[in-house]
Amino acid sequence: MNVLVATLKKINHAYPYHQVIGFYLKRVGYEPSKLEPLKRLGLHWDFYLTYGMKEKDFDPEWRLYFPKGF
């Protein structure tokens, strides 16, 4: 996780990809406490997992919209 967070900080991308990564890791059962470093990068924006979703759900923890039924 430390290498991942350091890499995300280094690339300093405008999009909050750390929210997507945290969402995916949560979905596969990653230990919640281990996801805290990603959360500390900030959860300032509602973000979309992909474009053009007809129906979507929202994960309030990661502030992420994802396709309904995903």
Side-chain angles (χ1 to χ4, degrees):
M1 185 60 68
N2 292 335
V3 172
L4 174 61
V5 169
T7 302
L8 289 167
K9 286 180 179 178
K10 184 177 180 179
I11 62 173
N12 194 29
H13 204 280
Y15 291 104
Y17 289 124
H18 62 284
Q19 289 176 226
V20 174
I21 294 167
F23 171 78
Y24 279 140
L25 291 174
K26 172 185 162 183
R27 297 282 299 221
V28 299
Y30 210 77
E31 187 177 323
S33 64
K34 304 239 182 203
L35 299 176
E36 288 303 315
L38 289 173
K39 288 183 177 179
R40 283 194 296 269
L41 292 176
L43 300 170
H44 307 292
W45 301 277
D46 291 345
F47 195 60
Y48 292 79
L49 186 58
T50 188
Y51 295 99
M53 291 181 282
K54 303 276 187 221
E55 295 183 36
K56 56 190 174 288
D57 278 327
F58 182 72
D59 183 314
E61 180 180 7
W62 290 101
R63 296 190 63 180
L64 185 78
Y65 288 97
F66 58 95
K68 192 171 208 68
F70 178 70

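Not measured: the values here are computed from a predicted model. Because only heavy atoms are used, hydrogens play no part in the values below, and waters and symmetry mates are left out as well, while side chains stay in. In what follows, residues are counted from 1 in the order of the sequence shown.
Phe70 and Phe23 make their closest contact through CE2-CE2, 3.8 Å (heavy atoms, listed as atom of the first residue, atom of the second, distance). Summarising the geometry of Phe47 relative to Gln19, their closest heavy-atom pair is CB-NE2, 4.0 Å, with the distance given to 0.1 Å. Taking all atoms of both residues into account, the shortest heavy-atom contact from Lys34 to Met1 is O-CE, 3.5 Å. Taking every heavy atom of both residues into account, Leu35 and Gly22 meet most closely at CD1-O, 4.0 Å. The two residues Pro67 and Thr50 come nearest to each other via the heavy atoms CG-CG2, 4.2 Å. For the pair Leu64 and Leu49, the tightest heavy-atom approach, listed with the atom from each and the gap, is CD1-N, 3.9 Å.
For NZ of Lys39, the number of neighbouring non-hydrogen atoms (other residues, nucleotides, ligands) closer than 6.0 Å is greater than 12.
Ion pair Asp59/Arg27 not flagged as a salt bridge, since none of the NZ, NE, NH1 or NH2 atoms sits closer than 4.0 Å to an Asp/Glu carboxylate oxygen.
A distance of 13.0 Å separates CZ of Phe66 from OH of Tyr48, quoted to the nearest 0.5 Å. The OH atom of Tyr17 lies 8.5 Å from the CD1 atom of Ile11; values are rounded to the nearest 0.5 Å.
The backbone N or O of Gly69 lies less than 3.5 Å from no partner atom in the side chain of Glu55, so there is not a single donor-acceptor pair. A donor-acceptor distance shorter than 3.5 angstrom exists from the side chain of His18 to the backbone of Gly42, with no hydrogens or angles considered.
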